[in-house]
K.L.:
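Mind having a look at this structure? Questions to follow.
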Amino acid sequence: MFDFLNKAAFTLGNGAAVTWLQILYSMGFMVAAWLMSRLLAFLIVRKLLSKTRISQDSKAIIQRIIFFSMIVLVLLSVLTYLGIPLATFAFISGAVAIGFGFGAKNIIENFLSGWILMSEKPIRMGDILEIDGFLGSVIGIGNRSTQIRRNDGAHIIVPNSQVLESRLVNWTLNDPFIRTSVRVGVAYGSDVQLVKQQLEQVLEHHDLVQDFPNYVVVFEDFGDSALIFDLFFWVSVQSGKELRLIRSEIRFLIEKAFRESGIVVAFPQRDVHVNFTEPKHDAIATMTQGQP
């Protein structure tokens, strides 16, 4: 068996032979170097740069650059060990590059887009994005795709090129605050100043409603069956609670405040006019008019 490993696997153009044992050593070295490169890149970034003010995205870029640099050095070392000159791959690499470019256009595009996302930082780890009508947080930006975890727990894998080309809404690009609203209608005849006072107290006492930007209570309209009020307020999307749950809590507090203050929440009303005339007389009169 060992004699077989010492036999030549192939011969180079300069007459040098490469044995199976050398190929086996090279493969083992590449696997070990791959694992060591990942470990060293992780240790350098996580340990040495942990006390610096470098952002997580910048650390990820540095870790990726260190890893790929080590892989290039490993490949050069393996080629040198096998005695393969780099000029041998000049023609082959050109042909492979052309074929690879046509066959892996999307992969290369997504790969380059991932580097652009990490460098320009239109989105960052932990950002809250709105995609396809759903809110989600960025949990990973890889070489090919971006992972987004929606509020309902589903994970979305979006190609990096689509992230750059699509019109995503980044709610936390500059600050984590988002404005939302709650609408309520009160019965006609209600004291509108009292209504406004109660609504402002509800917003003021809710922990997640921001004081700056400040909330606003708007007397929106005279509806068909109600006086319409809109509450506009700002909350942090990083509060750990969904917006619909916050709006639900606001509505519970409004109902309690109105009930204690004697304010009636409006409901649709219709005025029905009934004609109490004798239906028999109307029928006789109709028949009489119809006779010749």
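If you're wondering where the values come from, they're calculated on a predicted model, not measured in any experiment.
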K.L.:
Are the side chain of Ser77 and the backbone of Leu73 linked by a donor-acceptor contact shorter than 3.5 Å?
P.N.:
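A pair under 3.5 Å: yes.
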K.L.:
When you look at Arg183 and Ile228, which way does the side-chain contact (heavy atoms from CB on, under 4.5 Å) test go after all the steps?
P.N.:
CA-CA 7 Å; Arg183 170 166 291 191; Ile228 307 298; 3.6 Å; yes
K.L.:
Would you sort out whether Trp171 and Leu129 count as a side-chain contact (heavy atoms from CB on, under 4.5 Å), showing the intermediate values?
P.N.:
CA-CA 6 Å; Trp171 289 103; Leu129 304 181; over 6 Å; no
K.L.:
Quick one: are Leu117 and Pro122 in side-chain contact, heavy atoms under 4.5 Å?
P.N.:
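The answer is yes, as the side chains (C-beta and beyond) meet within the 4.5 Å cut-off.
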K.L.:
Between Val186 and Val264, does the side-chain contact (heavy atoms from CB on, under 4.5 Å) criterion hold? Intermediate values first, please.
P.N.:
CA-CA 6 Å; Val186 299; Val264 178; over 6 Å; no
K.L.:
On a heavy-atom basis, which atom in Ser37 and which in Met70 lie closest, and how many Å separate them?
P.N.:
OG-CB, 3.4 Å
K.L.:
Please check if Val195 and Leu253 belong to a single hydrophobic cluster, counting links between Ile, Leu, Val, Met, Phe, Trp and Tyr side chain heavy atoms closer than 4.5 Å.
P.N.:
yes
K.L.:
Where the side chain of Tyr188 meets the backbone of Asp224, is there a donor-acceptor pair that is under 3.5 Å apart?
P.N.:
no
K.L.:
What heavy-atom pair brings Leu227 and Val192 nearest, and what distance separates the two atoms?
P.N.:
CD1-CG1, 3.8 Å
K.L.:
Would the distance check show the side chain of Asp175 and the main-chain N or O of Phe177 forming a donor-acceptor pair, the cut-off being under 3.5 Å?
P.N.:
yes
K.L.:
Taking the six-membered ring of Phe67 (Phe, Tyr or Trp), confirm whether the NZ or CZ of Arg38 is under 6.0 Å from its centre and within 45° of its axis.
P.N.:
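Yes, a cation-pi geometry holds between Arg38 and Phe67.
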K.L.:
For the atom pair CD (Glu200) and CG (Asn214), what is the distance rounded to the nearest 0.5 Å?
P.N.:
8.5 Å
K.L.:
Treating Ile, Leu, Val, Met, Phe, Trp and Tyr as nodes and any side-chain heavy-atom pair under 4.5 angstrom as an edge, say whether Leu208 and Phe252 lie in one connected cluster.
P.N.:
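Unlinked, Leu208 and Phe252 end up in two clusters.
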K.L.:
Are the aromatic ring centres of Tyr215 and Phe212 under 6.0 angstrom apart?
P.N.:
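Ring-ring flag for Tyr215/Phe212: false, centres at least 6.0 Å apart.
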K.L.:
Nearest 0.5 angstrom please: Ser113 OG to Ile141 CD1, how far?
P.N.:
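The distance works out to 12.0 Å.
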K.L.:
Is there a continuous path of hydrophobic side-chain contacts, each under 4.5 Å between heavy atoms, that joins Val202 to Leu243?
P.N.:
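Shared cluster, yes.
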K.L.:
Does anything in residues 243-260 pair up under side chain to side chain donor-acceptor pair (under 3.5 Å), and if so which pairs, sequence neighbours excluded?
P.N.:
Thr180-Arg247, His206-Glu249, Lys241-Glu249, Glu242-Arg244, Glu255-Arg259
K.L.:
If you round to the nearest 0.5 Å, how far is OG1 of Thr146 from CG of Asn160?
P.N.:
4.0 Å
K.L.:
If every non-hydrogen atom of Ile139 is compared with every non-hydrogen atom of Arg149, which pair is closest and at what distance?
P.N.:
CG2-CB, 4.0 Å
K.L.:
Rounded to the nearest 0.5 Å, what separation is found between the OG atom of Ser145 and the CD atom of Gln162?
P.N.:
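If I round to the nearest 0.5 Å, the distance is 10.5 Å.
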K.L.:
Is there a path of hydrophobic side-chain contacts, each under 4.5 Å between heavy atoms, that joins Val265 and Leu199?
P.N.:
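Yes, one cluster joins them.
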K.L.:
Is the backbone of Leu173 close enough, under 3.5 Å, to the side chain of Asp127 for a donor and an acceptor to pair up by distance?
P.N.:
no
K.L.:
Are the side chains of Gln198 and Ile263 in contact, using a 4.5 Å heavy-atom criterion?
P.N.:
yes
K.L.:
Check for a donor-acceptor pair, side chain of Ser261 on one end and backbone N or O of Phe258 on the other, with a separation under 3.5 Å.
P.N.:
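No; zero donor-acceptor contacts below 3.5 Å.
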K.L.:
Minimum heavy-atom separation for Gly140 and Met125, please, with both atom names.
P.N.:
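Minimum heavy-atom separation between Gly140 and Met125: CA-SD, 3.7 Å.
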K.L.:
Is the ring centre of Phe29 less than 6.0 Å from the ring centre of Trp34?
P.N.:
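That pair fails the under 6.0 Å test.
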K.L.:
Given side chains that start at C-beta, do those of Leu40 and Ile66 come closer than 4.5 Å, heavy atoms only?
P.N.:
no
K.L.:
For the CD1 atom of Ile116 and the NZ atom of Lys121, what is their distance to the nearest 0.5 Å?
P.N.:
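It comes to 15.0 Å.
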K.L.:
If you define the side chain from C-beta out and look only at heavy atoms, does anything of Glu204 sit under 4.5 Å from Val209?
P.N.:
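They are not in side-chain contact.
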K.L.:
Of all heavy-atom pairs between Ala266 and Ala187, which one has the smallest distance, and what is that distance?
P.N.:
CB-N, 3.7 Å
K.L.:
Side chains of Arg179 and Pro213: does their closest heavy-atom pair fall under 4.5 Å?
P.N.:
no
K.L.:
Checking Arg150 now: which residues fulfil salt bridge (charged side-chain N to carboxylate O under 4.0 Å, His left out) with it, not counting sequence neighbours?
P.N.:
Asp152
K.L.:
First locate atom OG of Ser181, then atom CG of Asp230, and finally report the distance between them rounded to the nearest 0.5 Å.
P.N.:
6.0 Å
K.L.:
Scan Ile178, Val169, Asn170 and name whichever one has a side chain to side chain contact (heavy atoms under 4.5 Å, CB included) with Glu130.
P.N.:
Val169
K.L.:
Do the side chains of Phe233 and Leu245 join up, straight or via other hydrophobic residues, at under 4.5 Å, putting them in one cluster?
P.N.:
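As far as the 4.5 Å side-chain criterion goes, Leu245 and Phe233 are not connected within one cluster.
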K.L.:
Could you go through Phe229 and Val218, starting from their C-alpha distance and side-chain angles, then the distance that decides it, and tell me whether this counts as side-chain contact (heavy atoms from CB on, under 4.5 Å)?
P.N.:
CA-CA 6 Å; Phe229 287 83; Val218 177; over 6 Å; no
